[in-house]
Colleague: 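Input: one structure, supplied below.
Computed from a predicted model, the values in this text were never measured in an experiment.
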Amino acid sequence: MVYEFILVGFSTFPPHLLPAFFLLYLLMYLFTLLGNLIIMATVWSEHSLHTPMYLFLCALSTSEILFTVTLTPRMLIDMLSTCHTITFVACASQMFFSFTFGFTHSFLLMIMGYDRYMAICHPLRYNVLMSTRTCARLVSWTWAGGSVMGMMVTLIVFHLTFCGSNVIHHFACHVLSLLKLACGKETSSVTLGVILVCVTALMGCLFLIILSYVFIVAAILRIPSAEGRHKTFSTCVSHLTVVIVHYGFASTIYLKPKGSHSLDSNTLMATTYIVFTPFLSPIIFSLRNKELKNAIKKSFQRKFISLNS
């Protein structure tokens with residue numbers, strides 16, 4: 001029975017590059033925390049932003065902060081440390097929280113697509129259908145769904161017996177890397193089951209997002225003026241961009257041909273995805289959303305004036 005694991009994701013990484021990547025990832029990690037906290041503070045302080053779209057954005061920022069905090073600090077420590085061991089319980093906890101916040105993030109992107117569909121395709125009924133209580137219920141369901149997915153996958157994986165090597169060829173307790181260390185006849189079927197569950201959930205979210213935008217585009221094309229079409233579609237650009245970045249990076253990493261990359265390049269791609277995707281999200285929402293951008297400027301100006309008065 002294995003009681004601790006050894007993470008060797010950075011063991012073959014060129015040592016002279018580690019300090020540079022450590023500094024880069026540290027700065028991106030801090031910016032991710034700061035950017036999402038600014039978005040959350042702005043939404044809560046600006047009464048004009050107390051709408052369903054920005055409530056979902058706050059929940060998305062929260063999930064990104066928690067997902068980043070779950071994986072990045074440990075990754076940064078391992079980049080410069082010589083001790084890469086992680087206990088059985090810590091490994092299970094990391095997997096549970098990373099899956100919980102990761103799936104919650106995907107579910108929230110799906111709900112945000114539904115919100116844009118309701119706002120554009122059913123504008124007259126939007127305030128009734130997307131009431132504060134309904135939005136709070138939807139956010140609660142996404143967190144509950146993420147927690148169920150995280151708990152289910154973690155229990156399935158750590159129910160297996162790890163009786164061989166305890167070396168994980170990854171920088172974190174990655175589910176597929178862990179399944180390679182399990183022994184027993186049921187390992188292959190469990191691996192297939194975990195993959196099917198995860199892919200079905202994520203692809204289901206993506207399918208519903210695409211379906212929402214099919215109806216959205218159809219509704220926008222019925223708007224007679226070009227200015228009206230542009231103004232309506234501009235409310236969807238930031239969300240659509242984040243969806244493309246999120247699923248684009250994930251598919252590049254997890255759907256690449258097996259054995260087509262070295263361990264170094266796999267580690268680099270995985271760490272970039274973990275750090276870079278949450279880093280881009282607050283930038284996209286701040287720059288592509290004019291209302292949010294103006295609210296952030298107004299909030300900073302108000303704070304600056306109050307400090308000088």
Colleague: Other hydrophobic cluster members with Ile223, side-chain heavy atoms of Ile/Leu/Val/Met/Phe/Trp/Tyr under 4.5 Å, chained?
Modeller: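 Reading the cluster by chain and number, Ile223 sits alone, since nothing else belongs.
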Colleague: Given a cutoff of under 4.5 Å between side-chain heavy atoms of I, L, V, M, F, W and Y, with clusters grown through shared members, what are the other residues clustered with Leu221?
Modeller: Val217
Colleague: Output all residues satisfying salt bridge (Lys or Arg N to Asp or Glu O under 4.0 Å) with Lys298, sequence neighbours left out; order by chain, then residue number.
Modeller: Glu46
Colleague: May I ask you to decide if Ile274's main-chain N or O and Thr277's side chain share a donor-acceptor pair within less than 3.5 Å?
Modeller: no
Colleague: Are Arg74 and Asp78 side-chain neighbours, meaning at least one heavy-atom pair lies under 4.5 Å?
Modeller: yes
Colleague: Between Ile39 and Ser286, is a side-chain contact (heavy atoms from CB on, under 4.5 Å) present by the stated rule, with each step listed?
Modeller: CA-CA 8 Å; Ile39 289 176; Ser286 299; 4.1 Å; yes
Colleague: Determine whether Tyr29 and Pro278 make a side-chain contact, defined as any pair of heavy atoms from C-beta on separated by less than 4.5 Å.
Modeller: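 No; the side chains remain at least 4.5 Å from each other.
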Colleague: Using modelled atom types only, decide if a donor and an acceptor are shared between the side chain of His239 and the backbone of Met112 within a distance under 3.5 Å.
Modeller: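 Side chain of His239 to backbone of Met112, a donor-acceptor pair under 3.5 Å: no, none is there.
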Colleague: Hey, can you tell me if His47 and His50 have their rings parallel, tilted or perpendicular (30° and 60° cut-offs)?
Modeller: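 Perpendicular: the ring planes of His47 and His50 meet at over 60°.
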Colleague: With rounding to the nearest 0.5 angstrom, report the CE to CG distance, Met130 to Leu138.
Modeller: 5.5 Å
Colleague: Does any donor atom in the side chain of Glu4 or Thr87 lie under 3.5 Å from an acceptor atom in the other side chain?
Modeller: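 Absent: no donor and acceptor within the cut-off.
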Colleague: For residues Phe162 and Cys183, report the shortest heavy-atom separation together with the two atoms involved.
Modeller: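 Looking at all heavy atoms of both residues, the shortest contact is C-SG, 4.5 Å.
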Colleague: Do Ile210 and Leu206 have side chains that approach each other closer than 4.5 Å (heavy atoms only, starting at C-beta)?
Modeller: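 Yes, side chains in contact.
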Colleague: Any chance you could measure Cys198, atom SG, to Met152, atom CE, to the nearest 0.5 Å?
Modeller: 7.5 Å
Colleague: Do Leu181 and Val167 have side chains that approach each other closer than 4.5 Å (heavy atoms only, starting at C-beta)?
Modeller: no
Colleague: If only atom types and distance count, is the side chain of Arg116 paired as donor or acceptor with the main-chain N or O of Ile216 below 3.5 Å?
Modeller: no
Colleague: Does the plane of the ring in Tyr114 sit parallel, tilted or perpendicular to the ring in Tyr117? Use 30° and 60° as the thresholds.
Modeller: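 Tyr114 vs Tyr117 ring planes: tilted.
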Colleague: Does the side chain of His105 reach to within under 4.5 Å of the side chain of Phe67, using non-hydrogen atoms?
Modeller: no
Colleague: Would you name the heavy atoms of Thr142 and Thr104 that are closest together and state the gap between them?
Modeller: O-OG1, 3.7 Å
Colleague: After noting the C-alpha distance and the side-chain angles of Ile111 and Val139, does the key distance pass the side-chain contact (heavy atoms from CB on, under 4.5 Å) rule?
Modeller: CA-CA 8 Å; Ile111 294 299; Val139 171; 6.0 Å; no
Colleague: Return the minimal non-hydrogen interatomic distance between Cys121 and Ala219, and the atom names on each side.
Modeller: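 Closest heavy-atom pair between Cys121 and Ala219: SG-CB, 3.9 Å.
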Colleague: Quiz question: by atom type and distance under 3.5 Å, do the side chains of Thr191 and Ser188 form a donor-acceptor pair?
Modeller: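 Short answer, no.
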Colleague: Check whether more than 12 heavy atoms from other residues, nucleotides or ligands sit under 6.0 Å from atom NZ of Lys293, and answer yes or no.
Modeller: yes
Colleague: Considering non-hydrogen atoms only, spot the tightest contact between Ser281 and Leu60 and give its length.
Modeller: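 It is OG-CD2, 4.4 Å.
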Colleague: Going by atom types alone, do Ser106 and His246 pair a side-chain donor with an acceptor below 3.5 Å?
Modeller: yes
